[in-house]
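Beneath this line is the structure, given in structure tokens, with notes to follow.
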Amino acid sequence: MNASKWMDLRVRFRHILFALIGFVLLVSVATIGFMTIEELSFFDAFYLTIISLMTVGYGDIVPESDAGKRFALLLIPFGVAVVTYATGAVASYFIEHQLSEKVWNKRMEHTIKNLENHIIVCGLGRVGKQVFEQLQEEDVLVVYIHDSEEDMVAVLPEGTLRIIGSPLEEGVLKEANVEKARGLIAALPSDSDNVFITIKSKALNEDLEVVARVENAGSEEVLLRAGASRVVNPSTIGGRELVSSVLRPESTDLVNLLIHTKEKNQALEEVKLEQACDFVGKTLKDAAIRQDMQVTVLGIRRDGELISNPAAEEELQKNDVLIIYGEKGASEAFKKKCLG
């Protein structure tokens with residue numbers, strides 16, 4: 001039942017629930033009625049009720065009094081209606097469920113198969129849930145891999161691309177189209193599992209940007225050697241922010257605003273300069289990016305090195321990655337211009 005949440009469980013079970021409640025109430029009322037009118041024992045009254053509702057005919061136990069017969073005449077039509085409704089509700093549920101699930105899964109598999117430049121998230125544990133919440137604010141295609149359907153149903157909303165399976169399996173990574181992905185986040189709680197995922201995914205796509213979670217400091221070097229582009233230790237990051245929040249609270253707030261802003265009109269972006277970009281060969285001063293484009297260049301990544309707070313005389317080069325901050329519209333316009 002991979003798509004149970006996304007098909008609205010309350011709606012799917014409502015008709016079955018109503019049918020069961022109606023059937024139980026009818027059986028209860030009819031049993032009490034036969035016990036009172038015919039002066040039968042509970043079992044005999046219950047037996048007479050069931051064969052009346054199922055319209056299988058009367059055998060050794062039949063209504064004796066006129067009042068009992070009239071009661072049976074009223075009971076049988078109601079019973080037929082309730083039983084028919086319940087049978088139809090159950091049959092409809094299973095038929096619609098199977099068809100809807102097959103259609104939904106087929107469409108999702110087709111979508112994932114044709115993805116390019118997407119991100120794969122492995123694991124939906126404590127850290128994986130935080131990754132999901134952050135990625136919701138970004139305009140990127142994401143595929144989630146997790147081995148627990150229950151966790152996926154609890155976390156992921158309708159329409160989310162997901163694969164139920166172990167990300168440690170090569171077949172599952174291929175199903176997520178890792179060969180055409182731009183990045184992978186290994187967020188499993190086990191460092192050894194994240195190392196294995198890193199090795200497997202890099203073997204399938206050597207250009208893949210892999211960011212791995214790590215719990216033990218000694219595992220960081222192992223993950224980097226395995227091919228991870230970056231390694232993140234949640235405990236270390238949390239400790240650093242706690243200290244910074246005490247010693248440099250205003251600076252910490254500014255950094256969090258730049259990185260984790262929830263203001264939809266503001267964005268921190270990375271933009272790579274192409275050869276055809278008008279800014280290539282110009283200094284920051286001559287490019288007048290701040291004046292003309294209303295975005296601020298916070299840093300430049302060049303040949304693996306980061307130039308923070310670049311000077312106005314810094315000349316922009318092809319393949320420079322500019323770290324910019326500004327309004328969403330201005331940032332998008334700047335990105336388009338940098339494509340040439």
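Counted within 6.0 Å of CD on Glu39, heavy atoms from surrounding residues, nucleotides or ligands total 12 or fewer; the atom is thus considered open. By the 6.0 Å contact criterion, CD on Glu133 is enclosed, its count of non-hydrogen atoms from other residues, nucleotides or ligands being greater than 12.
Cluster annotation: Leu273 is connected to Met293 through the hydrophobic network of ILVMFWY side chains, with a link wherever side-chain heavy atoms come within less than 4.5 Å. Hydrophobic clustering places Leu156 together with Val140 (ILVMFWY residues linked when any side-chain heavy atoms are closer than 4.5 Å, directly or through intermediates). Leu141 and Leu173 fall within the same hydrophobic cluster, where Ile, Leu, Val, Met, Phe, Trp and Tyr residues are linked whenever their side-chain heavy atoms come under 4.5 Å apart, directly or through other members. Side-chain heavy atoms closer than 4.5 Å link hydrophobic residues (I, L, V, M, F, W, Y) into clusters, and following such links, possibly through other members, connects Val231 to Ile199. One hydrophobic cluster holds both Leu204 and Ile197 under the rule that ILVMFWY side chains link at heavy-atom gaps under 4.5 Å.
Here the straight-line distance linking atom CD of Gln291 with atom NZ of Lys285 works out to 10.0 Å at 0.5 Å rounding. Annotation: the span from Leu168 atom CG to Phe196 atom CZ amounts to 6.5 Å, rounded to 0.5 Å. Distance CD/Glu269 to SG/Cys338: 11.5 Å, rounded to 0.5 Å. Within the model, atoms CG of Leu284 and CD1 of Ile289 stand 5.5 Å from one another, a figure rounded to the nearest 0.5 Å. Interatomic distance, CD1 of Ile112 versus NE2 of His118, reported as 8.0 Å (0.5 Å rounding). Atom CD1 of Ile37 is separated from atom CD1 of Ile32 by 11.5 Å, given to the nearest 0.5 angstrom.
Side-chain atoms of Pro189 and Glu215, non-hydrogen and from C-beta on, never get closer than 4.5 Å to each other. Side chains of Leu161 and Met108 form a contact here, defined as non-hydrogen atoms less than 4.5 Å apart. A 4.5 Å side-chain heavy-atom check between Pro157 and Thr160 finds at least one atom pair inside the cut-off. Side-chain contact between Leu322 and Leu316 is present, with heavy atoms from C-beta onward closer than 4.5 Å. Residues Glu175 and Asn177 form no side-chain contact, since every pair of their non-hydrogen atoms from C-beta on lies 4.5 Å or further apart. Counting only heavy atoms from C-beta outward, the side chains of Ile324 and Val271 approach each other to under 4.5 Å.
Contact check on Glu221 versus Arg225 returns a salt bridge, with a Lys/Arg side-chain nitrogen under 4.0 Å from an Asp/Glu carboxylate oxygen. Using a 4.0 Å cut-off between charged side-chain N and carboxylate O, Glu270 and Lys272 make no salt bridge. In summary, Glu169 and Lys200 do not engage in a salt bridge, as defined by a charged side-chain N under 4.0 Å from a carboxylate O.
In terms of the salt bridge (Lys or Arg N to Asp or Glu O under 4.0 Å) criterion, Arg182 has no residue partners (sequence neighbours excluded). By the side chain to side chain contact (heavy atoms under 4.5 Å, CB included) test, Leu306 is found to be paired with Arg301, Ile323, residues two or more places apart in sequence or in another chain being considered. Residues passing the ring pair (Phe, Tyr, Trp, His ring centres under 6.0 Å) test with Phe46, sequence neighbours excluded: none.
Applying the salt bridge (Lys or Arg N to Asp or Glu O under 4.0 Å) rule to pairs touching residues 303-317 yields Arg302-Glu314, sequence neighbours excluded. Sequence neighbours left out, the pairs with a member in residues 183-194 that pass side chain to side chain donor-acceptor pair (under 3.5 Å) are Ser190-Ser192, Asp191-Asn216, Asp191-Ser219.
Scanning both residues, Arg290 and Thr296, for their nearest heavy atoms gives NH1-OG1, 3.1 Å. Closest approach of Leu188 to Pro167, counting heavy atoms only: CD1-CG, 3.9 Å. In this structure, Ala212 and Leu223 approach most closely via the heavy-atom pair CB-CD2, 3.8 Å. Closest approach of Lys202 to Gly227, counting heavy atoms only: CE-O, 3.5 Å. Nearest approach of Ala187 to Arg213, heavy atoms of both residues: O-NH1, 3.5 Å. Closest approach of Met35 to Ser41, counting heavy atoms only: CG-O, 4.0 Å.
The aromatic rings of Phe279 and Phe334 sit parallel to each other, their planes meeting at less than 30°, with 60° as the upper class boundary.
The one candidate from Ile163, Leu135, Ile119 that meets the side chain to side chain contact (heavy atoms under 4.5 Å, CB included) condition with Tyr144 is Leu135.
The backbone N or O of Arg162 sits nowhere less than 3.5 Å from a side-chain atom of His146 that would complete a donor-acceptor pair. In this structure, the side chain of Asn205 does not engage the main chain of Ser201 through any donor-acceptor pair within 3.5 Å.
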Would you mind writing out the side-chain donor-acceptor pairs for residues 120-130 within the sub-3.5 Å range, not counting sequence neighbours?
none

